[in-house]
Each structure stands twice: as structure tokens, then as C-alpha cells.
Amino acid sequence: MARVYNFSAGPSMLPESVLKRAAEEMLDYEGSGQSVMEMSHRSKVYDDIIKRCEALLREVMGIPDNYKVLFLQGGASSQFAMVPLNLMTKSGKADFVITGQWATKAYQEAARYGEAHVVASSKDKTFSYIPALDPDTFTKDADYFHICMNNTIYGTVYHELPETGDVPLVADISSCVLSGPLDVSKFGLLYAGAQKNMAPAGMTVVIVREDLIGHAQAITPTMFNYQIHADNGSMYNTPPCYTIYIAKLVLEWLKNDIGGLENMQAINEKKAGMLYDFLDHSHLFHGTVVPKDRSLMNIPFVTGNEEVDAKFVKEATAAGFVNLKGHRSVGGMRASIYNAMPVEGVQKLVAFMKDFEEKNA
Ligand SMILES: *Cc1c(COP(=O)(O)O)cnc(C)c1O
């Protein structure tokens, strides 16, 4: 059976070696006589899985000891409420940069629980750039400053972090987590849905500085309180057991097969570089994002003609390059090339695009 090259923005590709290992361990995980899907989350064998997953994440990302790692459910979207409920508790204010739909949702949700300020937006040009930020315009006594680091739909990324001083920086890193090194100590809180670059859907990782835990608003539901999950080692209730297990396998792959996040970044730069280089020289296709803010993970592009776009997506799908249709708000195409997309997948896509260009330019 041939596997396709899947350019989906999420859920997305997983490393083939991870899928094979999961298949091998499906019926009998390490001599337990059960699959990981069936075992009690309170069992010794499962306890080892979740502890190894956390230890690997700490090691691979270099997470400092004064940060908690939480494995939660409810998607990154639940964090849009969970962050303000837990953090918007001193001045009750927070700052937001509007760089796309996810950033907008985070802002709108926070506005229900406190005073949410927009400090900058790139909506004027369909979020095709990261707006310049002037620290003089930031709210001095804000409880946190929120950014969406990699904008999955629009294909932009922050190459430089905002200078927020003592105000904790909070970032949605759903679509760039584990794509390269990140200095966790620069952030108060990081969160990421697993289904882009870490594991299948069903889990959200929260990495939060310890001093930000324990001040939740009184109305905070128990399940939305970071303290509850931190005190219970992400086992207050049943965690997303199988997703955590796959995340463990992905982290082992990152550590042992790839050799860590610096190597991963080099591979990601190579893959994105090939596609951007082609787009910059193409007579038919062009990228939609300003070059300085381009993402390594999500690369939107268009021909400028909707019929040609549709023809391209159709022919690409038939050739085994699937999920290339762009988000409805941008149109055209989008190639999401997360960690698990092999270099060969991008090489073959570029060759296919060249061929299509010759026939259709
Ligand atoms: C996909 C995505 C989300 C939404 O994640 P869910 O897990 O579906 O709630 C939020 N933010 C970013 C940046 C995303 O890419």
C-alpha cells in the first residue's frame, strides 16, 4: 500500500517509524498483555508512560525546573478561556496581538473574563505579516501579553519575541511546537494542541511557570484550574492516555532518530527553503506572506486564478499530494510541512509544481 504525502494543517502526518512502533505494540504493550488504549491510567505500566513522556518533553525542549508541564484536554481552544481564568487575576488586564483567527479567538474569549486590549493587528492585509510592536503601547500592569506564535492559517511566524519586560509572555505554539529550539524561560506560559506537530488529536500541552499557578478567578471551573492539574500530575481525571503514549513515541523519535530540536530546525529550514525558493522564482505560483515573517511550518501560495488553483489541487491530490487546499479565508493552496513531512515529500511536491507550471503557465 502506498502512503500519500499529507500536507494537512492538522491533524497531520506522524513519523512512519512511530506508526509502525505503535502498530507493533498495539496488542501487547511491553509484555502487559494489553494495548495502551485499554489499560488503567492508574496502573504502574501507564504511570511509566506518562512520566517518560513528560521527562522526554522536558529534556527535548529544555524546560526549566520552575515550570510545570500539564497534559490536558479540550484543545488549544480551551486555553483561550483557561489562560484568562487563571492569569487575569491581578489587574484583570491583558494585551493581545491580532495575527489571525486563533489570535482573535484568544482575545475574544479573554474579553469575557477581563479587560482585553489589542496592541496591534495585521487584519488590514489578510494577516500576511506580523505587525511591528512598540513596547510603549503595551499595558504596563497587564497580567499577561498573548501572542499566537505561528499562524497556521496565514503562514506567518514571530522571528523575534515582543519585549514585555516583567509582564508574562503567553504564546499559542500549537503549530510550531517542537519545530526547533525555543527558550522556554522567556515565557510565562506556552500551550499547544498536539495534533499539528506532536501526536494525534486529543491532548493539549501547557507549560506554565510555577508562580503563575494558584491565583485562578473564583468562578474558574475545577477542570479549568491549572492548580488542580499541577497538583495531580495531569491525573485529576482520566488523561488522554493514548495520545500521551504517541507523544512519547514522537519525542523518542525526535531525540534518538532526529537528534534533537536543532537538527529538527535545520531539516525544517531545508524543507521550507526548497518550497519558498521555488515560489520566489515561479511564473505561476507565489507565496502570500511577506518574506521576513514566513513560517517554516505552513506555507500558503496562490496562482492568482481560482480555476487554476482548483485544477492544481485536483491534480496534486490524484498524484498523492493531499490536503493542499488553502484555508477558505486565504484561498489558493497551503502546504503544511510539519516535522513528520519527509524532505523527499517536499522535493516531490516542488517537482510536481514545476511540471504543472510548465503545462499551465
Ligand atoms: C489548530 C490551532 C488551534 C485550535 O486547536 P484545537 O486543538 O482544535 O482547539 C489553536 N491555535 C493554533 C495556532 C492552531 O494551529
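Bear in mind that the values here come from a model prediction, so they are computed numbers and not experimental data. In each ligand, atom 1 is the first atom listed, and ligand 1 is the first ligand listed.
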May I have the N/O to N/O pairs between ligand 1 and the protein that fall below 3.5 Å, each with atom names and distance to one decimal?
{"unit_1": "ligand 1", "atom_1": "7 (O)", "unit_2": "Ala76", "atom_2": "N", "d": "3.1"}
{"unit_1": "ligand 1", "atom_1": "7 (O)", "unit_2": "Gln195", "atom_2": "NE2", "d": "2.9"}
{"unit_1": "ligand 1", "atom_1": "8 (O)", "unit_2": "Gln195", "atom_2": "NE2", "d": "3.4"}
{"unit_1": "ligand 1", "atom_1": "9 (O)", "unit_2": "Ala76", "atom_2": "N", "d": "3.2"}
{"unit_1": "ligand 1", "atom_1": "9 (O)", "unit_2": "Ser77", "atom_2": "N", "d": "2.9"}
{"unit_1": "ligand 1", "atom_1": "9 (O)", "unit_2": "Ser77", "atom_2": "OG", "d": "2.6"}
{"unit_1": "ligand 1", "atom_1": "11 (N)", "unit_2": "Asp172", "atom_2": "OD2", "d": "2.6"}
{"unit_1": "ligand 1", "atom_1": "15 (O)", "unit_2": "Thr152", "atom_2": "OG1", "d": "2.5"}
{"unit_1": "ligand 1", "atom_1": "15 (O)", "unit_2": "Lys196", "atom_2": "NZ", "d": "2.5"}

Subject >> Contacts of Phe312 that satisfy ring pair (Phe, Tyr, Trp, His ring centres under 6.0 Å) - sequence neighbours left out >> reply: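 Applying ring pair (Phe, Tyr, Trp, His ring centres under 6.0 Å) to Phe312 gives Phe285, Phe352, Phe356.
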
So with a 6.0 Å cut-off around [atom1] of [X], is the heavy-atom count from everything else above 12?
{"X": "His159", "atom1": "NE2", "value": "yes"}
{"X": "Asp166", "atom1": "CG", "value": "no"}
{"X": "Asn256", "atom1": "CG", "value": "yes"}

Original post:
Hey, which of Leu161, Ile173, Ile130, Thr164 is the one that makes side chain to side chain contact (heavy atoms under 4.5 Å, CB included) with Ile147?
Top reply: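 Of Leu161, Ile173, Ile130, Thr164, side chain to side chain contact (heavy atoms under 4.5 Å, CB included) with Ile147 is met by Leu161 alone.
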
Subject >> Ring centre gap for Tyr46 and His41 strictly below 6.0 Å >> reply: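 Centroid distance Tyr46-His41: not below 6.0 Å, so no.
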
